[in-house]
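What follows is a set of notes on a single structure, which appears directly below.
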Number of protein chains: 2
Amino acid sequence: MNISQAAEATGLTSKTIRFYEQQGVIPPAARAANGYRIYSEQQLDMLRFIKRSRDLGFSLDESRALFALSQDPTRTSASVKQKAEQQIQRIDQQIESLQQMRALLETAVSECRGDEQADCPILDQLNGMTDESVCGGKA
Amino acid sequence: MNISQAAEATGLTSKTIRFYEQQGVIPPAARAANGYRIYSEQQLDMLRFIKRSRDLGFSLDESRALFALSQDPTRTSASVKQKAEQQIQRIDQQIESLQQMRALLETAVSECRGDEQADCPILDQLNGMTDESVCGGKA
DNA sequence: GCTTGACCTTACAGTGACTGGAAGCACTAA
DNA sequence: TTAGTGCTTCCAGTCACTGTAAGGTCAAGC
């Protein structure tokens with residue numbers, strides 16, 4: 001199985017797989033006589049693990065660490081759970097930050113007529129012309 | 001007003017202000033005899049505008065474009081509103097993506113005992129050992 | 001006058017996780 | 001033999017900074 005087949009089988013791209021190898025996320029692939037990388041089912045599983053971990057928002061470093069844990073029979077589920085809970089917290093922070101942005105934008109957008117006139121509450125907000133202590137306050 | 005005072009006054013860092021100048025986001029600052037950058041109130045307003053725009057999640061390019069719009073008397077509020085609505089859409093996509101991650105993590109975490117045993121549903125999920133078509137399905 | 005320390009300048013490298021592109025072999029089909 | 005595709009390596013670019021190094025400037029204190 002060469003790199004493009006491995007890419008197909010894992011949902012990654014060939015570029016990304018080479019990048020992971022170069023970054024030490026995965027060990028160097030075996031090579032065929034022609035120098036092409038070859039992948040075993042086991043390595044596909046590793047790549048799929050990394051992809052799923054990335055899809056849950058873990059960094060490459062954490063993904064590597066999680067895979068190491070998954071291969072370590074002496075791990076504890078507590079150690080894994082802790083990482084997952086940290087990740088949930090990070091996600092919650094990101095969501096909260098995005099929701100604050102969204103609320104500010106939404107208020108400004110709702111006040112904007114969106115017509116041919118230059119007058120625009122959205123630009124007013126960016127110019128600091130609204131009361132920022134009260135989100136989107138009209139006062 | 002020198003660069004660190006401008007940084008203080010805008011909530012940016014000196015580094016970031018220089019970076020914005022180098023990237024063409026803001027025009028080159030005037031210089032004192034000693035070569036130090038000097039900033040006027042007008043330029044502080046521009047920097048504050050950019051910061052608020054960035055804080056709403058607009059890219060530097062969009063922030064620059066929005067500032068140009070805000071300085072253009074022939075603009076229409078419709079053109080601004082469109083950019084803001086696009087930004088809301090992007091934010092919604094990001095939130096949705098994060099909420100999906102969160103839901104998957106939360107399910108796995110809730111099933112994980114988090115004790116000293118190696119057995120771990122979180123790692124099972126990363127290993128593709130759960131039914132992915134039903135998010136977190138226990139079947 | 002000299003030193004010290006804070007602040008300014010430029011320029012380049014590093015971050016994270018890729019993505020794109022160039023240049024050059026390898027393989028396959030016509 | 002040629003064309004086309006796929007593999008290889010290596011380097012540059014993305015985004016928005018941040019860190020670091022080497023050096024010039026300024027104000028205060030001795």
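So you know, we letter chains A, B, ... as the sequences are listed, proteins then strands, and number each from 1. Just so it is clear, the values below take in all heavy atoms, side chains as well, and ignore hydrogens, waters and symmetry mates. In this text the structure is predicted, and so the values were computed from the model without any measurement.
In terms of the salt bridge (Lys or Arg N to Asp or Glu O under 4.0 Å) criterion, Lys81(A) has no residue partners (sequence neighbours excluded). Residues that satisfy the side chain to side chain contact (heavy atoms under 4.5 Å, CB included) test with Ser40(B), not counting sequence neighbours, are Gln42(B), Gln43(B). Every residue meeting the ring pair (Phe, Tyr, Trp, His ring centres under 6.0 Å) condition with Phe67(B), not counting sequence neighbours, appears here in chain and number order: Phe49(B). Listed by chain and residue number, Ser53(B) satisfy the side chain to side chain donor-acceptor pair (under 3.5 Å) test with Ser63(B) (two or more places apart in sequence, or in another chain). The salt bridge (Lys or Arg N to Asp or Glu O under 4.0 Å) search around Arg90(A) returns Glu62(A), not counting sequence neighbours. The side chain to side chain contact (heavy atoms under 4.5 Å, CB included) test applied to Glu41(A) returns Leu44(A), Asp45(A), Arg48(A), not counting sequence neighbours.
Residue Ser4(B) places at least one side-chain N or O under 4.0 Å from the OP1 or OP2 atom of dC8(C). For Thr16(A) and dT19(C), the shortest distance from a side-chain N or O to OP1 or OP2 is below 4.0 Å.
The residue among Thr13(A) and Arg18(B) whose nearest nucleotide of DNA chain C is located toward the 5' end is Arg18(B).
Within residues 27-45 of chain A, the residues approaching DNA chain C are Asn34(A), Tyr36(A), by heavy-atom distance under 4.0 Å. Taking every heavy atom of residues 85-96 of chain A and every atom of DNA chain C, no pair lies under 4.0 Å.
Between Arg54(A) and Leu60(A), the shortest heavy-atom distance links the atoms CD-CD2, 3.6 Å. Residue Ala7(A) comes nearest to Thr13(A) through the heavy atom pair CB-C, 3.8 Å, listed as atom of the first residue, atom of the second, then distance. Pairing each heavy atom of Lys51(B) with each of Thr10(B), the nearest pair is CD-O, 3.1 Å. When all heavy atoms of Ile91(A) and Leu56(A) are compared, the closest pair comes out as CD1-O, 3.9 Å.
Protein atom CD of Glu8(A) is 12 Å distant from nucleotide atom P of dC7(D), rounded to whole Å. Taking atom CG on Asn2(B) and atom C1' on dA27(D), their separation rounds to 13 Å, with Å as the unit. Taking atom CD on Glu21(A) and atom P on dC10(D), their separation rounds to 12 Å, with Å as the unit. Distance Met1(B) CE to dC8(C) P: 12 Å, rounded to the nearest Å. Atom CD1 in Ile3(B) sits about 16 Å away from atom P in dC26(D), given to the nearest Å. We find that CD1 of Ile50(A) is positioned 15 Å from C1' of dC18(C), with the value rounded to whole Å. Distance Gln5(A) CD to dC7(D) C1': 12 Å, rounded to the nearest Å. Atom CD of Gln23(A) and atom P of dC10(D) are 14 Å apart (whole Å).
The number of heavy-atom neighbours closer than 6.0 Å to CD of Glu8(A), taken from other residues, nucleotides and ligands shown, is 12 or below.
In this structure, Leu105(B) is a member of the same hydrophobic cluster as Leu98(A), with clusters built from ILVMFWY side-chain heavy atoms closer than 4.5 Å. Hydrophobic cluster membership differs between Tyr36(A) and Met1(A), with clusters built from Ile, Leu, Val, Met, Phe, Trp and Tyr side chains linked at under 4.5 angstrom.
Screening residues 64-80 of chain A for side-chain hydrogen bond (donor to acceptor under 3.5 Å, both in side chains), with sequence neighbours left out, gives Asp61(A)-Arg64(A), Asp72(A)-Thr74(A), Thr76(A)-Ser79(A), Ser77(A)-Asp115(B).
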Protein and nucleotides 19-23 of chain D: nitrogen or oxygen contacts under 3.5 angstrom:
from: dG19(D); atom 1: N7; to: Lys15(B); atom 2: NZ; distance (Å): 3.3
from: dG19(D); atom 1: O6; to: Lys15(B); atom 2: NZ; distance (Å): 3.0
from: dT20(D); atom 1: O4; to: Lys15(B); atom 2: NZ; distance (Å): 2.3

I'd like a list of close polar pairs between nucleotides 13-16 of chain D and the protein, N/O only, cut-off under 3.5 Å.
from: dA16(D); atom 1: OP1; to: Leu60(B); atom 2: N; distance (Å): 3.1
from: dA16(D); atom 1: O3'; to: Arg54(B); atom 2: NH2; distance (Å): 3.4

For DNA chain D, what string of dots and brackets results from 5' to 3' when Watson-Crick and G-U pairs need both distances under 3.5 Å, crossing pairs get [ ], and pairs with another strand get |?
||||||||||||||||||||||||||||||
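The backbone N or O of Asn2(A) lies less than 3.5 Å from a partner atom in the side chain of Gln5(A), making a donor-acceptor pair. When atom types are taken as modelled, the side chain of Glu21(A) and the backbone of Ala29(A) share a donor-acceptor pair closer than 3.5 angstrom.
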